[in-house]
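What follows is a set of notes on a single structure, which appears directly below.
Chain naming here is simple, since letters A, B, ... match the order of the sequence lines and numbering starts at 1 in each. If you're wondering where the values come from, they're calculated on a predicted model, not measured in any experiment.
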Number of protein chains: 2
Amino acid sequence: MPSITRRRTPATGRRAEDDILAATRRLLTGGATFTELGIQQISDEAGVARSTFYSHFRDKTELLMRLAARMVEASFSIASAWEPAVGVDGLAADFLRVLGVWREHVGVLQAVTEVAAYEPTVREFWGQGLVQFVDRTIEVLRAEQDAGRSPADIDVVHASEIIVLGGERAMLHHVANSAPDTDAAFARELARTWWYGVYRRPATEN
Amino acid sequence: MPSITRRRTPATGRRAEDDILAATRRLLTGGATFTELGIQQISDEAGVARSTFYSHFRDKTELLMRLAARMVEASFSIASAWEPAVGVDGLAADFLRVLGVWREHVGVLQAVTEVAAYEPTVREFWGQGLVQFVDRTIEVLRAEQDAGRSPADIDVVHASEIIVLGGERAMLHHVANSAPDTDAAFARELARTWWYGVYRRPATEN
DNA sequence: GTCGTGCCGGACACCATGTCCGGACATCAT
DNA sequence: ATGATGTCCGGACATGGTGTCCGGCACGAC
């Protein structure tokens, strides 16, 4: 229960707040781990008094959530346009676009998954996003099965978990560890794996 | 640089240490997050004075590393026996066994991946393990290509990263969130995805 | 001018970490 | 029995980060 008395009227107001957000992004993309970041450090980088930090954010978690919210806005515009039966190449193209967006937000992205591992609020937040994708994938796979394009003996739920959880991890790792010019190849490889491994997996013959 | 003066002679010695290890495992499988665990809390659970903790472990990280070392011993015995051309069902059987081992260590396993996200030592440790698997998978895939069993246009490196990173995540998530009686189905699904999506992916026709 | 508001800077209480040490208590050899 | 060895307890202490609070300053609006 913080005393946020001075939150109204950003006449000239959003100055310090934006500085803090930007500074944090800077520190994160600069290679720092969100957990090892101190309030003092962030405030210094933002050119702001430590007390000012607390008049804008309850704690580091709230800061991260604010950062994450902005990132998700950008990401979901692509994800919602996710149509299934576009073929392998369409899938690869989608992955490539996602990789592009993620690259702009690697720092925050890593911070979120990092903190999600031990902080309930962030865990819930990120988990919800993944669940949404899993559900959507389940629907798509069911539809594909009904249309006779995917084999009937796919374990739709497990397959969707593999696709979403595994894909998220693989993509995050790639974006964080490989150069952008390898993105296209990676996206194609991932698309083919899911396509021939799940969507167009040959039916079991027996 | 701690002052570990009383480390010799476990005449009756390893008592407290084992208690601490066990207590930590207990707390972890009890749903606690390693990060949110305090030394006091661990010591209490172990029935040991806080100062005693420090005469056995430099800090929480060393405790985790000790926990992890034991777990890895058990896990790698399976992983090293990893032979490729056994077919989908062989692959599924291997995954199932790994899932079994992981279930005995979920707590520690989650703790390691959790801390690996922000602590350099643990990150290095866990990362090395994954790199080993990636390398091994690359070799296997190359051999499969040379034998003409896998298509030549697979991007071996990216495919291996997807298999290892993605697989680790999916399996970890499964073990942490689903009942053991779903393990067989999950293992089969994962095996089929990698098999038909990578190892026996149809060659590109053009 | 004076009021409102954002920011500064510093004081403060609090809590977890890591260090250190004296003393209690077992065990074992002599 | 007695003394030596070594573990463990319990508590003191320094340190550093977190979150709270408040007085004061600057600046823009009325």
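One end of the helix from dG1(C)-dC30(D) to dT30(C)-dA1(D) points its axis 10° away from the other end's axis, with each axis taken from 5 pairs and the angle rounded to 10°.
For Asp89(B), there are no salt bridge (Lys or Arg N to Asp or Glu O under 4.0 Å) partners two or more places apart in sequence or in a different chain. Every side-chain contact (heavy atoms from CB on, under 4.5 Å) that Val131(B) has, sequence neighbours left out, goes to Asp135(B). Applying the salt bridge (Lys or Arg N to Asp or Glu O under 4.0 Å) criterion to Asp44(A), with sequence neighbours excluded, gives no partner residue. Not counting sequence neighbours, Arg123(A) has no partner by the salt bridge (Lys or Arg N to Asp or Glu O under 4.0 Å) test. Residues that satisfy the side chain to side chain donor-acceptor pair (under 3.5 Å) test with Glu114(B), not counting sequence neighbours, are Thr35(B). Remark: Glu45(A) pairs with Ala23(A), Arg26(A), Leu27(A) by the side-chain contact (heavy atoms from CB on, under 4.5 Å) rule, at least two apart or across chains.
Distance, Asp44(B) CG to dG11(D) P: 13 Å, rounded to whole Å. The separation between Asp19(A) atom CG and dG6(C) atom P is 15 Å, rounded to whole Å. A straight line from CG of Asp18(B) to C1' of dC8(D) spans 15 Å, rounded to a whole angstrom. Protein atom CZ of Phe53(B) is 16 Å distant from nucleotide atom C1' of dC9(D), rounded to whole Å. Atom pair Phe34(B):CZ and dT17(C):C1' shows a separation of 14 Å (rounding to whole Å applied). Rounded to a whole Å, the CZ atom of Arg58(A) is 9 Å from the P atom of dT20(D).
For dC8(D), the OP1/OP2 oxygens have a side-chain nitrogen or oxygen of His56(B) closer than 4.0 Å. Here Thr52(A) reaches the OP1 or OP2 of dC8(C): one of its side-chain N or O atoms lies under 4.0 Å away.
Of the listed residues (Ile138(A), Val134(A), Val198(A)), just one forms a side chain to side chain contact (heavy atoms under 4.5 Å, CB included) with Ile163(A), and that residue is Val198(A).
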Shorter than 3.5 Å, N or O on both sides, protein versus nucleotides 13-18 of chain D: list them out with atom names.
| unit_1 | atom_1 | unit_2 | atom_2 | d |
| --- | --- | --- | --- | --- |
| dT18(D) | OP2 | Ile39(A) | N | 3.4 |

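The aromatic rings of Tyr118(A) and Tyr118(B) sit perpendicular to each other, their planes meeting at more than 60°, with 30° as the lower class boundary.
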Please table the atom pairs, donor to acceptor, closer than 3.5 Å between any side-chain atom in residues 183-191 of chain A and protein atoms at least two apart or in another chain.
| unit_1 | atom_1 | unit_2 | atom_2 | d |
| --- | --- | --- | --- | --- |
| Asp183(A) | OD1 | Arg103(A) | NE | 3.4 |
| Asp183(A) | OD1 | Arg103(A) | NH2 | 2.8 |
| Asp183(A) | OD1 | His174(A) | NE2 | 2.9 |
| Asp183(A) | OD2 | Arg103(A) | NE | 2.8 |
| Glu189(A) | OE1 | Asp155(B) | N | 3.2 |
| Glu189(A) | OE2 | Arg201(B) | NH1 | 3.2 |
| Glu189(A) | OE2 | Arg201(B) | NH2 | 2.6 |

